[in-house]
Amino acid sequence: MANVQIRDLRKSFGPVETIHGVSIDVPDGAFVALVGPSGCGKSTILRLIAGLEEISGGTVSIGGKVINEVEPKHRDIAMVFQNYALYPHMTVAENMGFSMRLLGHSKAERRAAVEKAAEVLGLTEYLDRYPKQLSGGQRQRVAMGRAIVRQPQVFLFDEPLSNLDAQLRVQMRAELKALHARLKVTTLYVTHDQIEAMTMADQIVVMKDGHVIQAGPPLEIYDSPADTFVARFVGSPAMNLLSAELADGGVHIAGRRWCDAPTDRRAVQLGVRPEHLVLDPEGVPLDVDNVDPTGSETMVLGRIAGQQVTLLLRQRVAVSPGDQLTVSADPAHLHLFDPDSGRRLIPGDG
Amino acid sequence: MLRRRRWRFAVMALLPTFAIFAWVRLYPIVQTLNLSLHDWNLLSKNKPFVGLSNFIELFGDRLFLTALGNTAIIAFGVMLLTIPSAMVLAGLIHYRTRSRFAGFYETSVFIPHVVSLVPAAMAWKWIFDAKLGPLNALITRLGGEPQSWLFDPYLSVLCVIILCSWQALGYAVLIFLVGFRNLPTSVYEAARLDGASGIQSFRFLSVPLLKPITLYVSVVTLISGFNVYAQAFVLASDAQGAPGRLVRVLVLDMLENSFRNYRVGYAAAEAVILLVIVLVLTGAQFALLRERNGR
């Protein structure tokens, strides 16, 4: 096992720089998720660590050793690809034992290692099948098996669950989490699905346009987003962002004082998560546009003073489009952002 | 009603194409099959039916058996020489030379395929020439014994194989290049992380993954190998200078039987045998591909 340290990492494709000096620390044995929208550079970072792309600047160290110039096969890492990248002409056992075959291990050694990994992943009965004969979930497991057999210092996962259906994804998420708890191998996990990141990782790194925007434990990021991008990206449904007026030392929307205002500001953006808006007879009016009942909760889309908001209610309410509700929020659950830069104004305030 | 009209439209639309196909493709084949069962001297109105006697006679014909043997050796020789070298060359062009010269390499490998056959064969005749040829000059310089390449009955077969392979290589490389370009890159990346070197990736991934392409190119090369004629005609003259006699091939034998001996039915029987060989090879290719896809 080893920690991964990324310092001022840069990657250029021709004259275009796509990774702009990224620094990430992955402690030994930790599960860190890189999350961000498509094209933010998270997969590129993984490929740079794996050695599949050349590093343009900065360093990547594994276990304290800089590996910029080290051949991929000597970096002691295993990667699980989005499309699994299984060898189609090899059986499951051959796929999993390929790295050992290249290292010159005997057939018996290979078989023993493969069987052990197959047992962990519930693949024992599929060892003689070809990838084509397996379901998506089973293929995914084989890809993980191939990684496990190598007993690497670091696992890299590149959106491994994105090709699976929703139900299977939930199941595989739990399996991956259990696997990490069992093997305790340092893991970097790339996903664009923030729920996946929230539920699985010890640490989340939120990226945008080749920059790290915020890094920290999932709940910290959820409770104290560094800017409006993180605020909107992490959490589902996304946080409501409302333009507010400042008057008498308070933040006002629709004629109601929601919380105290920072003294040195003339304008702020108010952030409130959909589940933190509550029905309150003395609250501000909300014009209902749409109602999505999911059974366990009800999502209401509407407008407060003409601004779009989403409201997530844990109870069932008899409300339909065109109705009006009155809502408010606990000041402790409000977030304030600079309307120009999008930065958080009261750090640590949750 | 609508269905019937659609069906009628489909038939009408296909009919002209099918008619042309039947006229230029099917009719000659059927006519050849028919001729092979008859005796015909090219001029006579009478074509007496002789049953299978043409075929029976063929299998006792020393010249035909020599031609069949030579043709098979050339066809398989060309295949064995072309396929591995084409695969390696395509691999090198694809992986090693992602430079601005890649286009140049591709073109230079492909040019022999489009060059007119007879001048190319004449050039090779000069290369293989026992007295003036650069090949013997090179061998002598390296301290070897010069060979009479085009007069030795065995070496001349080898010369024909080399010429045919040189020509077939371009097409095979082109098809393999397409194959290489369609291989999934992520599989190679996974292999790199698994510790595979370039040569190991080629051996353990490219070769098995390109199997359908290899099969296709093998069969196409074999079939064109069985149709070898001009190469042997130009290269392999006998001691008296009669072209193509030293390495007698099937097509030459057919031509001689038709237009020199005026035994068209007999030559048609040879053509039928060539057709059967080609059909068996194609059938084998399809069977192997099916087996692979069924996996």
Side-chain angles (χ1 to χ4, degrees), chain A residues 43 46-47 49-53 70-91 94-105 110 128-134 139 142-150 152-160 163, chain B residues 83-84 87-88 90-91 94-102 175-176 178-218 284-295:
Chain A
S43 287
L46 220 57
R47 294 173 61 81
I49 299 170
L52 297 173
E53 301 282 354
V70 177
E71 273 284 299
K73 61 179 174 182
H74 296 132
R75 293 189 181 195
D76 206 5
I77 44 159
M79 185 159 165
V80 176
F81 293 81
Q82 184 175 3
N83 62 357
Y84 320 130
L86 299 179
Y87 311 123
H89 57 293
M90 296 187 198
T91 62
E94 287 166 345
N95 259 287
M96 288 165 70
F98 187 59
S99 57
M100 293 183 73
R101 184 178 170 189
L102 293 172
L103 285 171
H105 287 277
R110 260 147 53 194
D128 293 323
R129 292 206 192 165
Y130 287 91
K132 212 168 148 181
Q133 299 166 318
L134 303 176
R139 284 182 206 180
V142 177
M144 288 197 287
R146 193 166 62 179
I148 292 173
V149 165
R150 296 186 51 200
Q153 294 203 64
V154 179
F155 276 139
L156 304 175
F157 289 93
D158 188 7
E159 308 209 19
N163 286 355
Chain B
I83 301 304
M87 200 191 252
V88 171
H94 184 63
Y95 291 111
R96 288 297 176 103
T97 57
R98 283 181 187 156
S99 65
R100 50 208 160 116
F101 295 115
I175 302 291
F176 273 120
V178 175
F180 272 109
R181 276 174 198 156
N182 284 327
L183 292 179
T185 43
S186 62
V187 169
Y188 286 87
E189 289 178 344
R192 255 179 95 189
L193 295 178
D194 267 346
S197 64
I199 291 169
Q200 282 171 323
S201 288
F202 183 80
R203 183 182 153 201
F204 293 118
L205 299 181
S206 304
V207 173
L209 289 176
L210 287 172
K211 216 171 175 179
I213 305 256
T214 310
L215 259 171
Y216 167 75
V217 181
S218 304
Q285 184 211 8
F286 276 118
L288 284 167
L289 273 181
R290 243 198 311 276
E291 186 188 314
R292 194 193 139 77
N293 289 337
R295 191 194 263 173

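The chains referred to below are lettered A, B, ... by the order of the sequence lines, with proteins before strands, and numbering in each begins at 1. All of these numbers come straight from a predicted model, not from anything done at the bench.
Shown here for A:Val80 and A:Pro160, the closest heavy-atom pair between the two residues is CG1-CB, 4.1 Å.
Near-neighbour residues of residues 187-195 of chain B relative to chain A, defined by a heavy atom under 4.5 Å from a heavy atom of that chain, comprise B:Val187, B:Glu189, B:Ala190, B:Ala191, B:Arg192, B:Leu193, B:Asp194, B:Gly195.
For a residue to count as touching a neighbouring chain, one of its non-hydrogen atoms must lie under 4.5 Å from one of that chain's; by this rule A:Arg101 touches chain B with the side chain only. With a threshold of 4.5 angstrom between heavy atoms, A:Leu86 approaches chain B through N, CA, C or O but not through any side-chain atom. Using a 4.5 Å cut-off between heavy atoms, A:Arg47 contacts chain B through its side chain alone, with no backbone atom that close.
You'll find the side chain of B:Tyr216 reaches within 4.5 Å of the side chain of B:Ile175, heavy atoms only. At a threshold of 4.5 Å between non-hydrogen side-chain atoms, the residues A:Val142 and A:Met96 count as touching.
Here the straight-line distance linking atom CZ of A:Arg146 with atom CE of A:Met100 works out to 15.0 Å at 0.5 Å rounding.
In this view, A:Glu71 satisfies the salt bridge (Lys or Arg N to Asp or Glu O under 4.0 Å) rule with no residue, not counting sequence neighbours. Residues that satisfy the side chain to side chain contact (heavy atoms under 4.5 Å, CB included) test with A:Thr91, not counting sequence neighbours, are A:Ala93, A:Glu94, A:Tyr130. Applying the side chain to side chain contact (heavy atoms under 4.5 Å, CB included) criterion to B:Val88, with sequence neighbours excluded, gives B:Leu92, B:Phe202.
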